[in-house]
Structures are given as structure tokens and as C-alpha cells.
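One structure below.
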Amino acid sequence: MAVMNQSYKYCSAENKPCIGWVETYFHDCLCNFKDQVSFTCGFISLICWAVAEIPQIFTNFINKSGHGVSLPFLLAWVLGDIFNLVGCLLEPATLPTQYYTALLYTVSTILLVLQCVYYDYIGRWWKQRKNKQSHYDDEDAKKPLNDTNSTGSVTNTTISSSSIFIPSRASSRDLYYTSARSLASSGTPPIGSYLRPARSGPSALQDINGSSDDDDLHNTTISVPSQNPKRISRSVGYGTFFATCAALPVQNKAAIMEGHMGLSGRRLLMLNNGGSGGHHGVLGIWLGWMMAAIYMGGRIPQIWLNIKRGSVEGLNPLMFIFALIANVTYVASILVRSTDWKKIRPNMPWLLDAIVCVVLDLFIILQYVYYRLKERRTRNRAQGCKNTSDYYYEKVEK
Ligand SMILES: NC(=[NH2+])NCCC[C@H](N)C(=O)O
């Protein structure tokens, strides 16, 4: 399968040359067919993880929102990825492709998290802030328009236009009266997100409060200050979470120092400790188990979000299909290489995690199919009802 380039090393067991490019780029030596199949599986897994999150990033981009995917699930991925990377570096029995795969999906998940945070938190917060700012700035200017309404609430006459220019006497700045619709739209959910009130997390709170109905303007403007403490505490919560994630490698400085030895360091450890990794191996496996628990638990918020919304709108199933293939090939890459318990045992956290995640991803894919079919059935039934009533109206008219 691989191009036999000039080789510098020989497999000690089979006295065969390593495959050049695999050795150069992956620091791995494929001695026999089993090794080649294992490497191919690892490579497929790597490619699947490389593309897995692109469909979801695209869906979020189209929706200008990340509401379909659970943020706690993505954060669990990031946290698990950090444990995974450090664990991979410290456990010499893990394959080089495992390490590169881990590096790759950590980067793509961070991108996905940043995109979701941008659409659901920063973008909205910024929009609300801008609207609130102009709302406060214009309060004085608004008063003459609301002369007939002593309570200060917005009258219908002000809602009719989108942006009314008000020459200000007090300030030389131009002031604009932000209309009810443009104010309310600050929290307007994007396409098809009528299901969003069921969503958990800070964005759900915003959605519930941020109705796009003009009649809700009064409520919307009044509820703004009371929203703030909730939003701040949540974002501080996530901030703390991120800070903890970022600080983790610092806390494990000694471990990271070892990790920086990179793959060659892992090989050295393997040789010195007969493949077990000794002290580092124990730490590596411990981190591996932490990672497995986080990854496995991470799917629960996504499953729960789907159940709670009764919908999978905004979720791209391709992410889970790719994850499923990636996990299956990942397991295969480990098991095909060797079924020797001595090699399997240190890989147990990675193996178990991937197997459980395959089951959970299958469940999420089935959820997707179920909710999509349900939606289609409801739509068809509604269409059927409409057609029947049209038929009767036509009959009565005749
Ligand atoms: N950010 C990632 N995609 N991490 C990969 C996680 C791998 C893990 N087995 C899972 O499926 O959850």
C-alpha cells in the first residue's frame, strides 16, 4: 500500500526496512501487513477527524448560530482533548497516529467552539449592547415622541418606521430612534429556530427573553437589566472553565516537560521501560482514563438537548457519522496492530472510550433520523389537513 522509499531503520523483529514516508512523517515503522492495515485504519481515522467538524461549522455559518450543537458537549471535547494529548505523550504504547489525530481534532474543535461562542454569545451580546447603548442615548430624545404616554412605554406610532431621525437639541450628535422591530430583533433567533426556547444554557435565556414580536418590546426593554446578572455569571462560568483548560498544562508542567520530548521521547521511554512507560505510563494512563470519562460523558448534553428540544434542527449528522467512522477505524488501528494484552492494556482508556462513543454516536444518529421523520410526518399531516379543508371549502362554495 505504501511507497517503499529509502529507509533508514529496520524492524528488529522481522528484519525488514521501515516505510520511508511513514517513518519520516509519523515516526512509525510498519514491518508487516498487519502494521500496514493498522496504519491505514489510523490514517482513515485521522482524515475522518480532520473533516468531522467541517459540516457542523458550515451549518452554523449558514444559520449564523450554533444552537443545534450543545456547547457543554463541545467543551467536554476540548477538555478531553487536552487530557488526551498529554496522555498520548506520556503513554508510550499509544500509536503515533493517535497523537497526530488528537492534535488535529483539538484544533478543529477549538475552532468550532469559538464559532459557537461567537454566534451565540459574543455576537449577540455585542448586538444587544449596541442596541441598549443607543436605547439609553436616545431616551431623552424619545420623550417628546411619547408625550401622550406618561408611563414611558413605546406607543404604536413609534413602531411604524425602522429608524427615525431625531435632531437633538441637547447634543450635537445625531440621534436615532431605534424602532421596536430593530430593538426586538437583537435577540431574534435565526432561521427555523422557533424551537429554541427549549434550549439549555445562556443562549436559551436570551432567546426566551429576546422575542421578535413587536408587542414584546416593553418586556424586552424592561427585562434587559435583569438578564445581565444571569449572563455574566454564566459567561464567568465558561470563562473559568476555559481558564482551567488553559491552566491544565501549566499545572502539569512537569508532565508537559516530559511530553515535549515528543514521539522520540515516547520511544525512549518505551525502550527503557519495556513498553510500559513506568511512572510516565501510569500518569499517561490516568490521564487517559480521565479523558475517556470526559468524552463519554460529553455526549450526554447533546443527547439531552435533542430530547429537550424534540428536534435536531441546527445539528449536522455528518459530524457524528464521521466521528463514528473515526472511532471505529481508531479501535481497528489499535487492535489490528496487536492483540497482545501487554499492548492492549495501556490502550484500554482509548479503546473503551472509542467503543462507547461509537454506541453513543449511533444513538445520536438514530435520534436525528427519528426527529427528522417525525417532523416530516407532522408536516405531511398538516399539508393533508390543509388539502382536505380546501377540498371541503371548494365543495361548499359549489
Ligand atoms: N474534539 C474531538 N473531536 N475529539 C475527539 C474525541 C474522540 C472521542 N473518542 C469521541 O468520540 O468523543
Side-chain angles (χ1 to χ4, degrees), residues 41-60 66 68-89 91 94-95 97-117 241-242 245-246 248-249 284-285 287-306 315-335 344 346-368:
C41 288
F43 201 74
I44 294 172
S45 175
L46 191 132
I47 298 202
C48 284
W49 278 126
V51 297
E53 283 151 71
I54 295 173
Q56 188 59 53
I57 290 175
F58 186 72
T59 301
N60 291 352
V69 64
S70 156
L71 194 58
F73 158 58
L74 294 181
L75 292 176
W77 254 2
V78 174
L79 185 64
D81 289 348
I82 293 166
F83 277 94
N84 186 20
L85 270 175
V86 183
C88 259
L89 285 169
E91 174 46 60
T94 54
L95 302 174
T97 43
Q98 276 178 274
Y99 172 74
Y100 289 115
T101 311
L103 207 60
L104 197 66
Y105 55 54
T106 306
V107 173
S108 54
T109 311
I110 288 174
L111 285 179
L112 182 55
V113 167
L114 288 179
Q115 190 202 32
C116 289
V117 168
F241 184 86
F242 274 122
C245 293
L248 188 76
I285 293 194
L287 286 170
W289 281 117
M290 290 289 289
M291 167 222 74
I294 294 165
Y295 279 155
M296 291 186 285
R299 293 296 198 283
I300 294 164
Q302 184 62 55
I303 293 173
W304 180 237
L305 178 68
N306 298 344
L315 187 70
N316 197 313
L318 280 176
M319 180 163 81
F320 294 95
I321 293 171
F322 278 123
L324 190 138
I325 301 170
N327 279 322
V328 168
T329 46
Y330 189 79
V331 172
S333 78
I334 297 173
L335 293 183
I344 299 279
N347 273 305
M348 267 320 269
W350 285 271
L351 274 175
L352 190 79
D353 155 64
I355 292 166
V356 173
C357 285
V358 166
V359 176
L360 293 174
D361 285 342
L362 205 60
F363 187 80
I364 294 174
I365 293 165
L366 289 177
Q367 264 190 327
Y368 187 89

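The figures that follow rest on heavy atoms only: side chains count, while hydrogens, waters and symmetry mates do not. Indexing begins at 1, ligand by ligand and atom by atom, following the structure's order.
The heavy-atom pair separating C116 from G66 by the smallest distance is SG-CA, 4.0 Å.
Checking side-chain atoms of Y368 against main-chain N and O of N316 turns up no donor-acceptor pair under 3.5 Å. Side-chain atoms of Q302 come within 3.5 Å of backbone N or O of G68 as a donor-acceptor pair.
Note: F73 and F320 meet the aromatic proximity criterion, with ring centroids under 6.0 Å apart.
Looking only at side-chain heavy atoms (C-beta outward), M319 and L112 come within less than 4.5 Å of each other.
Annotation: ligand 1 has protein neighbours W49, E53, W77, D81, Y105, T109, Y295, R299, N327, D353, C357, each with a heavy atom less than 4.0 angstrom from the ligand.
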Please list every donor-acceptor pair under 3.5 Å in which a side-chain atom of residues 351-364 meets a protein atom from a residue at least two apart or in another chain.
from	atom 1	to	atom 2	distance (Å)
D361	OD1	R299	NE	2.6
D361	OD1	R299	NH2	3.1
D361	OD2	R299	NH2	2.9

